[in-house]
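Have a look at the structure below before the remarks.
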Amino acid sequence: MPFVNWLKRHLVVIAGLVTLGYLLLPNVVVTVFSFNKPKGRFNYTWQQFSTDAWKDPCGVADMCGSLSISLQIAFWATVGATVLGTMIAFALVRYRFRARGTVNSLIFLPMAMPEVVMAASLLTLFLNLGAQLGFWTILIAHIMFCLSFVVVAVKARVMSMDPRLEEAARDLYASPTQTFLRVTLPIAAPGIAAGALLSFALSFDDFIITNFNAGSTVTFPMFVWGSAQRGTPVQINVIGTAMFLVAVLLVLASMVVGNRRNRQKA
Amino acid sequence: MSTLTEAPPPLSPTAPEHKPPRKRGRLVPYWLLLPGILWLLVFFALPMIYQASTSVQTGSLEEGYKVTWHLATYWDALSAYWPQFLRSVLYAGAATILCLALGYPLAYLIAFRAGRWRNLIMILVIAPFFTSFLIRTLAWKTILADGGPVVGALNTLHVLDVTSWLGWTSGDRVLATPLAVVCGLTYNFLPFMILPLYSSLERIDSRLHEAAGDLYAKPWTTFRKVTFPLSMPGVVSGTLLTFIPAAGDYVNAELLGSTDTRMIGNVIQTQFLRILDYPTAAALSFILMAGILLMVTLYIRKSGTEDLV
């Protein structure tokens with residue numbers, strides 16, 4: 001039974017590739033349906049090939065406006081969460097102080113909490129304070145839930161860093177500021193970058209917490225949610241495809257740059 | 001890279017001792033922590049307190065709410081919505097098991113078998129994250145559409161007869177059934193399973209596999225006795241990272257399900273944003289939180305010992 005033997009030997013590879021297919025299937029569908037010309041409001045069945053949506057990605061009312069709001073919120077949430085999270089991470093790794101355990105659990109809890117619970121509790125806070133729901137309440141919420149992820153990413157990087165490098169800098173008469181800027185920060189940078197990237201992706205894609213705390217502000221995920229009831233324009237698939245392509249290209253580019261840098265060092 | 005647990009060896013016998021921290025430096029960690037921790041206290045911890053107080057209030061939107069310690073709200077909420085609670089646990093549990101079954105081979109493939117394809121597969125696992133998850137969930141509506149290729153194939157293979165008999169699907173439909181919701185949940189949280197599994201598999205010393213082989217262990221035995229136990233940290237964090245968000249999710253149940261597949265997240269969302277019954281919504285959300293914290297604590301305690309392996 002050569003076939004059965006072959007199957008047995010490659011079972012893991014086959015199962016893994018099936019999973020990969022499952023993960024990528026929706027992206028394939030999104031890409032294919034970005035070239036569809038739907039009849040009626042819903043873009044769920046294939047009708048006819050067309051590049052109309054690609055030629056006019058902002059041709060749907062309010063979609064690009066919501067995209068721009070999402071990008072702004074994601075940008076500022078990333079800045080806020082990265083700065084606050086990096087500071088916490090350094091404090092946790094570099095210093096011994098009382099209340100470390102409490103701080104650690106306060107960082108861990110938002111990641112272990114279902115989003116809908118955080119969303120609902122924030123809404124009760126804002127309602128009680130009489131805050132105007134909108135851009136600022138969304139931003140506050142996004143910084144809150146991105147913060148923990150930045151702390152974890154930066155902490156992992158700073159922990160694996162050799163403290164002797166900083167000692168060496170001090171031995172060579174570098175001032176604390178110089179040591180931090182020229183030794184510590186460059187080494188921690190990949191962790192900070194990972195945390196920032198994660199924040200951006202989480203904030204840009206968040207729906208549940210935003211849905212509760214947005215008031216009448218419409219972010220891109222909320223536009224997509226609304227369109228699921230009203231009828232999905234093809235342009236949504238164009239944006240989805242473009243986002244996927246940009247992500248793949250960015251990762252490939254960073255890998256090429258990384259490889260070149262490693263080769264130069266060698 | 002093991003500075004995590006071991007202190008670095010002294011450079012030489014004459015290496016200078018660590019200077020005691022200066023007085024001024026003692027406050028540094030607190031200044032570093034202050035803004036971020038304040039943010040979490042005000043926008044994470046304080047809201048929980050507000051929610052707790054809301055859950056014991058009575059009143060109406062027009063006349064205002066007052067804290068009356070009306071604890072019966074909890075009982076009423078639980079007795080009215082226990083099917084949705086149960087459904088959330090069942091769906092999230094099924095999705096978690098499916099994620100583990102599907103995710104393990106892929107994580108194993110990336111860690112041990114991918115070779116020069118490793119980076120590419122990693123990119124393909126992470127990149128879908130950047131297409132909004134709502135767009136990708138909507139794509140499942142197309143994939144599972146009535147009369148579509150997937151439903152047709154399942155029908156030809158008589159799979160739908162079995163799943164309908166089990167109550168997972170109804171007739172020759174997959175959309176708007178529990179199967180579609182679990183399929184969406186599994187899909188959405190699969191990367192959260194794969195990444196921790198991969199990072200714990202990748203850390204396993206490949207010499208352990210060789211040693212097992214040298215001791216005449218068959219591949220399956222090696223997996224059962226060496227690889228899987230060593231990947232337990234990844235299994236535990238992966239299952240938590242999929243189960244917790246899946247139990248609170250309402251997007252998949254709303255987009256791919258029907259009124260018969262509503263989960264507790266859907267109820268909380270409707271109570272809060274449409275019916276505006278804040279005390280009930282707050283009580284439901286607290287029960288969900290407490291239930292999950294309890295299950296997670298028990299699970300961590302259980303898996304922390306060797307019992308689970």
Side-chain angles (χ1 to χ4, degrees), chain A residues 12-13 15-16 19-20 22-27 29-30 33 44-45 84-85 87-88 90-91 95 97 103 106 110 112-117 120-125 128 140-141 143-144 147 159-160 162-164 201 205 207 212 220-221 224-225 228 232 236-237 240 243-244 247-248 251 255, chain B residues 1 3-4 8 28-29 32-33 35-37 39-40 43-44 46-48 50-51 54 102-103 105-106 108-109 113 119 121 123-125 127-136 138-143 145 187 190 244-245 247-248 250-251 255 265 268 272 278 281-282 285 288-289 292 296:
Chain A
V12 178
V13 178
T19 306
L20 196 62
Y22 180 65
L23 270 176
L24 291 174
L25 183 61
N27 280 86
V29 171
V30 169
F33 277 75
Y44 292 137
T45 46
L84 299 180
M87 285 163 70
I88 296 180
F90 268 96
Y95 298 90
F97 53 90
V103 170
L106 190 62
M113 196 69 69
E115 265 195 284
V116 71
V117 175
S121 66
L122 258 173
L123 180 61
T124 55
L125 174 82
N128 274 294
I140 284 172
I143 292 178
M144 185 272 287
L147 194 55
M159 263 181 167
S160 67
D162 192 337
R164 283 174 296 180
D205 207 18
F207 171 71
F212 272 74
F220 184 64
V224 177
W225 175 262
T232 37
I236 280 180
N237 291 40
M243 277 154 72
F244 182 74
V248 172
V251 178
M255 273 166 52
Chain B
M1 287 293 169
T3 45
L4 216 160
V28 170
L32 284 172
L33 288 171
I37 292 304
W39 201 280
L40 283 180
F43 299 117
F44 177 76
L46 189 63
M48 294 293 163
Y50 267 100
Q51 194 168 29
T54 304
L102 286 168
L106 184 54
Y108 191 95
L109 170 72
R113 296 281 196 87
N119 282 333
I121 300 180
I123 295 173
L124 291 177
V125 170
F129 261 114
F130 287 84
T131 305
S132 173
F133 83 102
L134 285 169
I135 300 182
R136 288 180 286 129
L138 284 175
W140 279 105
K141 273 190 132 153
T142 306
I143 298 167
Y187 166 76
L190 194 49
I244 297 173
Y250 59 82
V251 173
L255 294 181
I268 296 176
F272 246 116
Y278 298 129
S285 153
L288 174 65
M289 184 178 85
I292 283 183
V296 168

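Here is the naming used below: chain letters follow the sequence lines, and residue numbers restart at 1 for every chain.
Contact of B/Ala127 with chain A is made through backbone and side chain together, with heavy-atom distances under 4.5 Å. The part of B/Leu190 that comes within reach of chain A is its side chain, from C-beta onward, which places non-hydrogen atoms under 4.5 angstrom from that chain. With a 4.5 angstrom heavy-atom cutoff, B/Thr54 touches chain A only via side-chain atoms. The contact between B/Leu255 and chain A is made entirely by side chain atoms (from C-beta outward), counting heavy-atom distances below 4.5 Å. Using a 4.5 Å cut-off between heavy atoms, B/Ile37 contacts chain A through both its backbone and its side chain. The contact between A/Ile236 and chain B is made by backbone and side chain atoms together, counting heavy-atom distances below 4.5 Å. Using a 4.5 Å cut-off between heavy atoms, B/Pro245 makes no contact with chain A at all.
Counting heavy-atom pairs under 4.5 Å between each of B/Leu288, B/Ile244, B/Leu46, B/Val296 and chain A puts B/Ile244 at the top. The greatest number of non-hydrogen atom pairs below 4.5 Å with chain B, out of A/Val116, A/Val117, A/Leu25, A/Asn237, is found for A/Val117. Each of A/Val248, A/Thr232, A/Val224 has some count of heavy-atom pairs under 4.5 Å with chain B, and the biggest count is that of A/Val224. Your options are A/Phe207, A/Phe212, A/Phe90, and the one with the most heavy-atom pairs under 4.5 Å with chain B is A/Phe212. Comparing A/Gly240, A/Pro221, A/Ala120 by how many heavy-atom pairs each has under 4.5 Å with chain B, the most go to A/Ala120. Contacts with chain A were tallied for B/Ile268, B/Asn119, B/Thr142; B/Thr142 has the most, counting heavy-atom pairs under 4.5 Å. Chain B forms more heavy-atom pairs under 4.5 Å with one residue of A/Thr45, A/Leu123, A/Leu106 than with any other, namely A/Leu106.
The side-chain contact (heavy atoms from CB on, under 4.5 Å) check on A/Asn27 picks up A/Phe244, B/Pro128, B/Thr131, B/Arg136, B/Tyr187, with sequence neighbours excluded. When the ring pair (Phe, Tyr, Trp, His ring centres under 6.0 Å) test is applied to B/Phe129, the partners found at least two apart in sequence or on another chain are B/Phe192.
For the pair B/Ile135 and A/Phe220, the minimum side-chain heavy-atom distance is below 4.5 Å. At least one side-chain heavy atom of A/Ile140 sits less than 4.5 Å from a side-chain heavy atom of B/Trp39. Using a 4.5 Å heavy-atom cutoff, the side chains of B/Leu106 and A/Leu23 are in contact. B/Ile292 places none of its side-chain heavy atoms less than 4.5 Å from the side chain of A/Met113. Using a 4.5 Å cut-off on side-chain heavy atoms (C-beta onward), A/Thr124 and B/Phe272 make contact.
For the atom pair B/Leu33 CG and A/Phe97 CZ, the distance stands at 4.5 Å (nearest 0.5 Å).
The heavy-atom pair separating A/Ala228 from B/Leu138 by the smallest distance is CB-CD2, 3.8 Å. Across every non-hydrogen atom of B/Pro29 and A/Ala91, the tightest pair is O-CB, 3.8 Å. Considering every non-hydrogen atom in both A/Met243 and B/Phe130, the closest pair reads CE-O, 2.6 Å. Nearest heavy-atom pair across A/Pro26 and B/Ala139 is O-CB, 3.8 Å. Across all their heavy atoms, B/Gly248 and A/Pro114 have their closest contact at CA-CB, 4.1 Å.
A donor-acceptor pair under 3.5 Å is formed between the side chain of A/Thr19 and the backbone N or O of B/Leu102.
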For a side chain to side chain contact (heavy atoms under 4.5 Å, CB included) check, start with the C-alpha distance between B/Val251 and A/Trp225, then their side-chain angles and the critical distance, and finish with the verdict. CA-CA 9 Å; B/Val251 173; A/Trp225 175 262; 4.0 Å; yes
May I have the step-by-step check of side chain to side chain contact (heavy atoms under 4.5 Å, CB included) for B/Leu40 and A/Met144, ending in yes or no? CA-CA 6 Å; B/Leu40 283 180; A/Met144 185 272 287; 4.1 Å; yes
Are B/Phe43 and A/Leu125 close enough, and set up right, to give a side chain to side chain contact (heavy atoms under 4.5 Å, CB included), and what steps lead you there? CA-CA 8 Å; B/Phe43 299 117; A/Leu125 174 82; 4.0 Å; yes
